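Read through the structure below, which is laid out as structure tokens, and then see the notes.
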There are 4 protein chains.
Amino acid sequence: MALTTEQRVRRAAVKLFATKGFHGTGIRDLAQSAKISSASLYHYMGTKEDLLVGIMRECLDRLLLAARQTLETVDDPAGALSALVTLHVMAHAAQPDETRVVDHEVGALSRSARRDIVALRDEYEAIWADTIAAGVAAGVFDAPDPAVTRLALLEMCTGVARWYSPRGPLPLDRLAARYAQLALRMLDCPASPGAGAAERAREVAARVWRTRP
Amino acid sequence: MALTTEQRVRRAAVKLFATKGFHGTGIRDLAQSAKISSASLYHYMGTKEDLLVGIMRECLDRLLLAARQTLETVDDPAGALSALVTLHVMAHAAQPDETRVVDHEVGALSRSARRDIVALRDEYEAIWADTIAAGVAAGVFDAPDPAVTRLALLEMCTGVARWYSPRGPLPLDRLAARYAQLALRMLDCPASPGAGAAERAREVAARVWRTRP
Amino acid sequence: MALTTEQRVRRAAVKLFATKGFHGTGIRDLAQSAKISSASLYHYMGTKEDLLVGIMRECLDRLLLAARQTLETVDDPAGALSALVTLHVMAHAAQPDETRVVDHEVGALSRSARRDIVALRDEYEAIWADTIAAGVAAGVFDAPDPAVTRLALLEMCTGVARWYSPRGPLPLDRLAARYAQLALRMLDCPASPGAGAAERAREVAARVWRTRP
Amino acid sequence: MALTTEQRVRRAAVKLFATKGFHGTGIRDLAQSAKISSASLYHYMGTKEDLLVGIMRECLDRLLLAARQTLETVDDPAGALSALVTLHVMAHAAQPDETRVVDHEVGALSRSARRDIVALRDEYEAIWADTIAAGVAAGVFDAPDPAVTRLALLEMCTGVARWYSPRGPLPLDRLAARYAQLALRMLDCPASPGAGAAERAREVAARVWRTRP
DNA sequence: TATGAATGAGGATTCATTCAT
DNA sequence: CATGAATGAATCCTCATTCAT
């Protein structure tokens, strides 16, 4: 089915913001990319910033939703962390442009918009913090500085969006599995998590980002 | 001692490019920040892009230099990797603005400048690749997909520039040690590296970035 | 009874043109104010300028009509001038927005429209000129420079639209009477005009602008 | 002597704002009129609104200054009012563009700027109010509704800017004298004021607006 | 009758850069 | 060495208007 003009605009914005940055992307670039006039653009968006905020919010909303849905059915910390990593990596590999925008353009937001977006991001990171803390409390994770470990994990996984290509040699699920393994090693967690957790994460990812299950 | 005007310009640029992005930073911002008129700016730089290239090149040059100097005296793979991580983390924590610019603004470069900068970056990453390969060959590292592991390591360490604050609770050397530990865990490397490697890295860092040894 | 859409448009235009000026009022402002889409607006008006012309013409037509009807039954110059002042003041107090538009936005008209509108205005002012001339000829007015006196009178009376508020302390008929007095003083006219003239003016005003008689 | 670019800009703005209105005047019109590029315009002004505010403030400042200087040496109410009228009329005839801008474009100001400008205008009008009140108290003026009389007087005199032309038949000082006479008649003031007051007003006007004395 | 979609022209303002002084 | 003056091109966004539905 054909795309709505609004969708075309959104996609053009995502691609351009990811590639050239928010400030590096002109309204004319956007218009040309969406195949409409720059005046028409304003039927489908408010400000250029509104467009940015919309992209960021949707991306973070999905990430939050996916994380919550996944953790609902996972109990053990190793499984939970494994699932979070799987989700995060799949999201960043499946939507590298969206996630790059979220990660790189927070500084381009106005004060009030930034507050909102950062709040969402913090909410998401809190899930990771809780999961790590639970594993440490349960004695299955070793993390002398849990905050540092959390940030190291997140940056490592987020980085996928900066280099992963679907045309590369590594299938997505294998990549995700590799990252889950790395993450558990970082926490010195010997137990392989039940396969269910990662499985569950892949299902949710398939639903939320239409990745191949 | 007072700063040269050229240094003031350079610093202003680093700070602004890191904070607001290359395209988000105007020549007037730069001038104001360097306490100089925008016309005078052009006595101390070529183009705005030249300034950017200069910043990036210096940053990468130092990183390369530091990595090479350090590895000169380190032989074992665990020690080498540990040293690379230490250096990289210290560089990114000590110069978060410079390194953020390097990491975020490659896309703002013109084709030819980008080629140069990316070449430098590749050169640097090749050192990591070699180190990892050596460890795998020696049987002390486990890395089923070495390229993935390398990228995961680099993104993890580079991420430090996005969150580390010298006013935080963690002293820099402790942070670096923690990251080295994480890295070795990721490679499933049991052996603690000789303390000499990290020591050597700290010395080099002190010289190159004036971090406290 | 409910207002026609056309009336809503007209009123919105009058209010906005008076408040923000013709050039300061956007087609979208108009649409929003008339609770209609900006495209629908074009069913009820021609151009934005047509709307302006319509407002001006109606306002001036009424003024002319009222002046002529009033003077039909008034003979003495003092009475005539008194009636003109009464009418003018009541019109400008009762319809401050319309009259402000007429007075302020002539410069926004295209050449041909301006010619028409200015012709109407001149026609109206000619009535004043004639009335003053008649009084001077009859020896009841003293006006060394009749044109100056006419302009002074008109500007004085027109100014009412710029400050009068129906919520102020002064009832409209009292205001009009005060202005009539001022006008006669300016002409050094001792005779109080017959009460009939002002009475007649108030009746006409009541019919033309629905002021309370 | 040749005019500064800044002066050229100011004059162009005054002329255009008076003729086509603030919103009707484009930045390009201004630039063309001042014979510079539209970008260069911004070396000599802040915003378009700043330009407007500057014009208004200077105009009102001069009016206030002139009024105060004049009244310093005038004591009797008739003389004072006569002087105020003379000044006001001369100012509006000598600077019709500036004063038209002040009178017509207050609505184009942003909230805060409007507050400032209206405060100045109120200050000026207070001088008139005081003068009228003094005359009434002294028994030389008859003004049943002093506020109404003040507004009628001001509107009458201000109107001069809307029609007076230096190429017309009436010399400026004669016009001013005529208006002073009209004003005193409006207040039913029999006494001719001492010739000194109007003389003084003309001197001040000559200094402030370079009118011919 | 009513409107969402569409646009070329233009709105004010800022851009990076040059150059004469 | 330093800068005020200058500008063409570009910035984001709004303008009045049309038209197919």
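Every value quoted in this text rests on a predicted model; they were computed, and no experiment measured them.
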Nearest-0.5 Å distance that lies between atom CE in M56(C) and atom CG in D103(C): 8.5 Å
Interatomic distance where [atom1] belongs to [X] and [atom2] belongs to [N] [whole Å]:
| X | N | atom1 | atom2 | answer |
| --- | --- | --- | --- | --- |
| H43(D) | dT17(E) | NE2 | P | 16 Å |
| L41(A) | dC12(F) | CG | P | 10 Å |
| R8(C) | dT1(E) | CZ | P | 13 Å |
| L30(B) | dC15(E) | CG | P | 11 Å |
| Y44(B) | dC1(F) | OH | C1' | 6 Å |
| I36(A) | dG4(E) | CD1 | C1' | 13 Å |
| H23(C) | dA9(E) | NE2 | P | 20 Å |
| D50(B) | dT18(E) | CG | P | 11 Å |

Can you see if the side chain of [X] gets near the phosphate of [N] - specifically, an N or O under 4.0 Å from OP1 or OP2?
| X | N | result |
| --- | --- | --- |
| S40(B) | dC1(F) | no |
| R28(A) | dA10(F) | no |
| Y42(C) | dT3(E) | no |

If one requires at least 3 consecutive Watson-Crick or G-U pairs with distances under 3.5 Å, the stems of DNA chain F turn out to be E:2-21 with F:2-21
Between S37(D) and T25(A), which residue's closest nucleotide on DNA chain F lies nearer the 5′ terminus? S37(D)
Pair E58(B) + R62(B), salt bridge at N-O below 4.0 Å: yes
Expected output: side-chain [X] to main-chain [Y] donor-acceptor under 3.5 Å:
| X | Y | value |
| --- | --- | --- |
| D122(D) | A119(D) | no |
| E49(B) | S110(B) | yes |
| S37(D) | S40(D) | yes |

Please tell me which of the listed nucleotides, dA16(E), dT1(E), dT13(E), lies nearest to the side chain of S38(D)? dT13(E)
Considering only dA16(F), dT13(E), dA5(F), which nucleotide approaches the side chain of I27(D) most closely? dT13(E)
More than 12 heavy atoms of other residues, nucleotides or ligands under 6.0 Å from CZ of R8(C): yes or no? yes
Using heavy-atom distances to pick each residue's nearest nucleotide on DNA chain E, tell me which of T5(A) and G46(B) is more 5'. T5(A)
Toward the 5' end of DNA chain E, by each residue's nearest nucleotide, A39(A) or M45(D): A39(A)
At 4.0 Å (heavy atoms only), tell me whether T47(D) reaches a base, stays on the sugar-phosphate, or touches nothing. sugar-phosphate
Which residues satisfy the ring pair (Phe, Tyr, Trp, His ring centres under 6.0 Å) test with H23(C), sequence neighbours excluded? none
